[in-house]
Structures are given as C-alpha cells and as structure tokens.
Amino acid sequence: MLKKLTLPAAFVLSTLALTWSNVTLADYEDTRALEKAKISLVEAIQLAERETQGRAFEAQIDHERFGPEFEVSVLVEQTIYEVKIDAQTGAIFSVREDHDD
C-alpha cells in the first residue's frame, strides 16, 4: 500500500519541481532583459498605443537574439495587433495583426 501512495506522490512532487524551476528560469530571463532595457514597460506601452491609435491590454519583455524587446498587444476597434519594440532604443520593430489570440 505504501508503494502505491509513494509513486503518485513522487510524480506530483517532481512535476511541481519542474514547473517551479521553469517559472524561476523565466523570471530570471525577464529580469535580465529588463535590466538591459533603456526604456520602461510603460514607455513601450505608450509607444505601441501611439503607433496603432489603439489600447494596450497586455505587455511583456523578452530576451531575443539581438537583445531585449517588448511585445505589446493592442486592441484597435475589433482587431488585435502585436507591436514589437526594441527595449534599448524604443524603435518599433513590427506591427502585425495577431491571429494567435
């Protein structure tokens, strides 16, 4: 009986440990990207809203190959756009309609 309880408990604990390590790694990467950013998340949101004339509803920072970038989701009328912004210069990389959401 003890072995039957131990295996599921071990599975649950290992799953929680893997999930926790992934969250910690993601937080660490986001923190590193934010430290390298020259503009703030608020400034990135303002740039995205100004560029699209829409309303931002989601934003995040990612560490990409060439450096940190902000990704801002903006609603314009009934359409969602994804705006990518260089976190060091504030330059807008792209504005594209988001079909994923």
Side-chain angles (χ1 to χ4, degrees):
M1 178 79 170
L2 184 58
K3 287 184 181 179
K4 288 183 181 179
L5 293 176
T6 305
L7 186 58
F11 176 75
V12 168
L13 289 176
S14 65
T15 302
L16 288 174
L18 285 173
T19 302
W20 178 254
S21 67
N22 286 340
V23 168
T24 303
L25 180 60
D27 289 345
Y28 176 73
E29 290 295 324
D30 291 347
T31 301
R32 279 189 32 201
L34 199 54
E35 286 173 349
K36 292 181 180 181
K38 302 279 193 261
I39 67 169
S40 70
L41 182 62
V42 171
E43 291 169 312
I45 291 168
Q46 291 170 340
L47 287 167
E49 288 183 336
R50 192 174 315 127
E51 178 72 19
T52 61
Q53 299 300 307
R55 186 83 165 193
F57 66 90
E58 184 176 67
Q60 66 184 31
I61 191 164
D62 292 319
H63 185 71
E64 298 298 327
R65 196 168 107 191
F66 296 109
E69 70 179 40
F70 289 105
E71 184 177 300
V72 183
S73 296
V74 182
L75 180 64
V76 181
E77 296 177 8
Q78 299 293 323
T79 306
I80 296 173
Y81 290 91
E82 179 182 275
V83 182
K84 292 192 177 188
I85 301 167
D86 185 313
Q88 294 177 320
T89 66
I92 296 175
F93 287 135
S94 68
V95 178
R96 69 172 184 86
E97 193 172 332
D98 188 1
H99 297 286
D100 298 336
D101 291 338

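Numbering starts at 1 and runs along the sequence shown.
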Shortest non-hydrogen contact from Lys38 toward Gln88: CB-O, 3.1 Å
Flag side-chain contact, heavy atom, 4.5 Å: Val72 against Thr52: no
Please identify each residue that fulfils side chain to side chain donor-acceptor pair (under 3.5 Å) with Gln60, with sequence neighbours left out. Asp62
Quick check for you: to the nearest 0.5 Å, what is the distance between Glu69 atom CD and Ile92 atom CD1? 12.5 Å
So the salt bridge (Lys or Arg N to Asp or Glu O under 4.0 Å) pairs with at least one residue in residues 42-55 (sequence neighbours excluded) are none
Determine whether Val95 and Phe93 fall in the same hydrophobic cluster, where Ile, Leu, Val, Met, Phe, Trp and Tyr are linked whenever their side-chain heavy atoms lie under 4.5 Å apart. no
Closest non-hydrogen atom pair between Gly90 and Ile39, with its separation: CA-CD1, 3.8 Å
Taking all non-hydrogen atoms of both residues into account, name the closest pair between Leu41 and Ala59 and its distance. CD1-CB, 3.7 Å
Sequence neighbours excluded and cut-off under 3.5 Å, please list the side-chain donor-acceptor pairs for residues 77-84, or say none.
from	atom 1	to	atom 2	distance (Å)
Glu82	OE2	Arg96	NE	3.4
Glu82	OE2	Arg96	NH2	3.2

Between atom CG of Leu75 and atom CG of Asp98, what is the distance when rounded to the nearest 0.5 Å? 11.5 Å
Closest non-hydrogen contact found for Pro68 with Ile61 is CB-CD1, 4.2 Å
